[in-house]
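What follows is a single structure, written as structure tokens, with notes after it.
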Amino acid sequence: MKISFLKTICLSVALLLAQMPADARVNVVSLPKRNSVQLTIYNSVDLTLVKETRFLTLRKGMNKLEFSWANTLIDPTSLEFRALTHADEVEVLDVSYPPRVSNTLEWRINSEFVGEVQVEIRYFTSGISWNADYVAEANKPEKLMNLAGNVRVTNNSGEDYENAQVRLVVGVVRLVEEILQLAGQTRTETAKAPMAAAKSEARRAMIGADAMFDTATFGGEKPREIAKEGISEYFLYTVEGRDTILNQWSKRMPSFQAADVPIVSYYKYEKEQFGNQVMRFYRFKNDKASKLGVEPLPDGGVKALRIMAPDNSYSFVGSTSVKYIPINEAVELQLGNDQEVMVKPTLMNWEKADIRFDKHGNVVGWTTKETWDFEVQNSKEIDVVVDIRRTFPGDWSVETEAKYENVDQNKIKFVLPLKAHGKQKFSYKVTTNYGINVTK
Amino acid sequence: MKTFIAFTCCAAWLLAPDFAHARVKLVALPERARVTVSLDNPNATLVEEERLVTLQKGVNQVDFSWASVNIDSSSIQVRALGHPDKVTVLNTSYPPNENALIWAVSSPDAIEERFRISYLLSGLNRDIVYKAVAEPNEASLSSRNYLRLRNSSGEDLSNAEINIGYGERFTKNLAHEEVLELLSEKIERLPIKKVLTWDAAQQPWDPEYEKKTVGIPLSYVFTNDLRSTLGAHTLLPGKARIFLKTKDQAAAPGEVASDGITFTGEDWATLTPVDREMKLYIGQSREVKVVQRKTKDQRTNIRRTTGNADAMWDTDEEFKIEVENFKHGPVSLVIVEHIPGYWKIVESSHPHVKKNAYTIEFPLQLGKETTGTNKTTIRFQINRLNVQPNDPAPQNDVDFQ
């Protein structure tokens, strides 16, 4: 059964009768079905470009087409009409938004052709969104992971889109006005009430339509391919086949799967960033050598799991979100605090020396010397790498036997590989000049 | 309130193009074949359940729904275990206003498939509880370590395999709103040290001026290592209750007195990795008295401005600590002194340990009944160097433990 709210956009063909007064007309409503529909969904703004085709039968001369979109989030300023067949014989003369009738427009079309014409209607709508998410499944030694990407499309536009081709845009476009504002509505005004009332029916309809489609097109054999191509500054994902996405439903589809991606189980200690906690990261690179690098990875949530037992049962490692990852970019998934890796700094000595006075006896220069001891302990049964960063403002110098790198003018890092159940200690002395003792 | 997780599988057959939305629905209600609950991550509880689902050839709709159960819907994963190369999850649909999802699962044949569904469940709280009984000589203790689970997740867990991150899994039933305490570990004859800690920053220096009796904090200290019959894993934070073995009075003359125990104190145990010490502060001792006095405090090496203000100086400070032990046995006592800034020890009557830039400790072994003229007296002298008025507090992220 088709339920009424599933069809909020109707298109009518009004045949003008020549002898009738201008305002009087007889409408012959044909309700032409959508022949095809394509959704191009952006994730940086609340914007979806809808392109649908329909077959209309036109008469010679003036035709009026009425298009209405009650209870949807369509931007009326974006609606466009064009003939795909007999284009040179079909011309839009003007568009009228009738008074006292909301969410309706009327195209006045002059046709030199009599008969069926395929037309395209394009518009922007708010309320359809997509986002990416990932599942990172690390092996027990945390050396390799399977990375599965998914895309999830959510439709709160007020309109059902059946058998639509879905395209997803990764990239940032600029809007000077929000589509939702142009639609003249707030999201809560969309057709929630009828949806709730007919929820179960809609659900059944959706499942039925989906089953029909999947069975007919794919024979239940394989998941959809998602074709990816770079266009200008954007990346376009096109989901294979057609999908039905009803109003207020979401649909999640696999986007890619990469097995045995090399990872480094990497730990960071940086007081200014994480307090006294040790943060766990998985590091990998979006490149071919890492069995990725085919496409940029859109920003999205990540759930990281680790296979812990021979029966492949999981341990939950953590969840995070990643920023957009271009091809060849190195990635760090910040997965939260891990109590099994300990970093314990202790200030063991503090001195104030090299005191300088001005001619009035005021202290105008001094130098402090701090000695820090670090204990680092890995209580895990696997090898890890611990990255300890220390920040020193001002004019400082460090003496240590431990190997370190300068991160920037005020920060150094010690990178320690730790064996399973391993421990390490290191020390450094930092000298800081103040006042007139500053030399650089 | 009705709580449940429903898992249904229906095979969809296309009837005719004109009835695209009508279908014959055959619903199976597969029982849980296995449930595991992983508590190894302190921030999240992972539940994995396995279900045997009968699939038809083609695309199957598998519903997973839950009501009044605190499942993080974004965390739900499904894996085909039996035929992972053949059975494929094509997509997942999320109906509006429902705690449910529908997997479109393709199968090349009509088969029974074992699925494993993983999700994060909130409301399943866990506490670690240590219950220990010390020997009368307080040289060792036996501990029973428990995992206390409080299930307010809305979900009844039957025959759940519970994994706490170490040791064997437990198989238990845990109903919604049930609290279950599991014995997770037995520790026998764990060597302990009984230590009193007098901290100059925490305790009054002269008990005579106090209206109440001053007690000195008493701790049991042990190391999480193999020599202490531990060392297998990090000890997790939790409440530790300590009891002491006693002899009860005989019920009647001539009868043998039975063993008894008495409660001696409790503390919050902190996270203790392998080879590190756990210190449990369980009470106070009133049998040891510590009196500390500063016997000298002079400014030296004063550097003045032309306006005769003190711009910088050193100090010469002396301290005397008198300790009396009224107990009939020896006592371990640690005196903790905090000395901020830049300083040097000039002299000390007893060996000390520098714990960090601003803390020293005097570990003492007090003989029994060392009171009066036999009391222990510690003297130490320090010089603070280059002290300034309004000295800025030096950076310090030291763990003082």
Side-chain angles (χ1 to χ4, degrees), chain A residues 1-2 133 135 195-196 199 203-212 214-216 218-224 248-254 271 276 301 303 305 313-317 319 336 339-340 342 344-353 355 357 360-363 366 368 377 379 421, chain B residues 12 14 20-23 36 38 40-44 46 48 57-59 61 74-75 77 79 81 88-98 102 104 106-108 118 120 233-234 271 273-275 303-307 311-312 341-342 354 356-358 385-386 388 394-399:
Chain A
M1 187 186 90
K2 192 77 175 171
D133 72 87
V135 178
M195 191 69 219
K199 185 174 61 182
R203 179 171 170 167
R204 211 178 328 125
M206 189 274 182
I207 295 169
D210 217 21
M212 174 186 75
D214 287 330
T215 308
F218 298 100
E221 293 299 323
K222 64 183 183 70
R224 309 284 179 79
Q248 297 197 345
W249 280 69
S250 292
K251 194 164 201 174
R252 182 172 180 250
M253 295 161 278
K271 192 181 173 194
N276 282 321
K303 293 274 188 299
L305 302 147
S313 59
Y314 283 145
S315 168
F316 178 67
V317 177
S319 61
Q339 297 181 329
E340 295 289 13
M342 181 199 79
K344 183 177 163 60
T346 306
L347 175 61
M348 284 307 296
N349 201 42
W350 188 84
E351 296 178 12
K352 182 165 64 178
I355 311 296
F357 299 89
H360 303 294
N362 297 305
V363 177
W366 68 97
T368 61
Q377 182 168 341
S379 300
H421 302 293
Chain B
L14 180 65
H21 296 151
R23 65 191 180 113
T36 61
S38 294
D40 54 338
N41 187 323
N43 303 316
L46 179 71
E48 294 193 279
K57 182 178 180 178
V59 177
Q61 306 292 342
S74 72
S75 71
Q77 311 289 333
R79 288 181 284 173
L81 299 182
T88 309
V89 178
L90 300 173
N91 60 56
T92 312
S93 295
Y94 302 85
N97 309 315
E98 286 183 67
I102 304 154
S106 80
S107 174
S118 312
L120 297 177
H233 59 83
T234 298
L271 184 94
V274 170
D275 292 336
R303 285 143 282 179
R304 292 196 169 91
T305 64
T306 51
M312 184 169 274
Y342 176 29
K354 187 171 184 180
N356 60 50
Y358 311 118
L385 306 171
N386 298 334
Q388 286 177 261
Q395 181 196 9
N396 181 14
D397 56 358
V398 178
D399 180 354

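Naming: A, B, ... by sequence-line order, numbering from 1 per chain. These numbers come from the heavy atoms of this one structure, side chains and all, not from hydrogens, waters or symmetry mates.
- The OG1 atom of T368(A) sits 12.0 Å away from atom CG of N386(B), with the distance rounded to the nearest 0.5 Å.
- Heavy atoms of R303(B) lying under 4.5 Å from chain A belong exclusively to its side chain.
- Scanning both residues, N349(A) and A357(B), for their nearest heavy atoms gives N-CB, 3.7 Å.
- Both the backbone and the side chain of S75(B) come within less than 4.5 Å of a heavy atom in chain A.
- For the set H421(A), H360(A), M253(A), the count of heavy-atom pairs under 4.5 angstrom toward chain B peaks at H360(A).
- E351(A) approaches Y342(B) most closely through the heavy-atom pair CG-CE1, 3.2 Å.
- There is no side-chain donor-acceptor pair under 3.5 Å between Q77(B) and K303(A).
- A distance-only check finds no donor-acceptor pair linking the side chain of N356(B) to the backbone of L347(A) [under 3.5 Å].
- Using cut-offs of 30° and 60° for the angle between ring planes, the W350(A) and Y358(B) rings count as tilted.
- Summarising the geometry of T305(B) relative to G361(A), their closest heavy-atom pair is CG2-O, 3.7 Å, with the distance given to 0.1 Å.
- Rounding to the nearest 0.5 angstrom, the gap separating the CE atom in M312(B) from the CG atom in N362(A) is 11.0 Å.
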As a quick check of understanding, evaluate side-chain contact (heavy atoms from CB on, under 4.5 Å) for T234(B) and Q339(A), giving each step before the final call.
CA-CA 9 Å; T234(B) 298; Q339(A) 297 181 329; 5.9 Å; no
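- Taking all atoms of both residues into account, the shortest heavy-atom contact from Y94(B) to K251(A) is CD1-N, 4.3 Å.
- Interface residue Q377(A): only side-chain heavy atoms are found under 4.5 Å from chain B.
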Where do L46(B) and Y314(A) land on the side-chain contact (heavy atoms from CB on, under 4.5 Å) test, with the steps shown first?
CA-CA 8 Å; L46(B) 179 71; Y314(A) 283 145; 3.5 Å; yes
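- Without hydrogens or angle criteria, K354(B) side chain to M348(A) main chain gives a donor-acceptor distance under 3.5 Å.
- Listed by chain and residue number, R252(A) satisfy the salt bridge (Lys or Arg N to Asp or Glu O under 4.0 Å) test with D133(A) (two or more places apart in sequence, or in another chain).
- Among residues two or more places apart in sequence or in another chain, the salt bridge (Lys or Arg N to Asp or Glu O under 4.0 Å) test is passed with E48(B) by R79(B).
- Only the side chain of L120(B) has a heavy atom closer than 4.5 Å to any heavy atom of chain A.
- The nearest pair of heavy atoms linking P254(A) to L90(B) is CD-O, 2.9 Å.
- Residue contact with chain A, scored on non-hydrogen atoms closer than 4.5 Å, involves the side chain of D40(B) exclusively.
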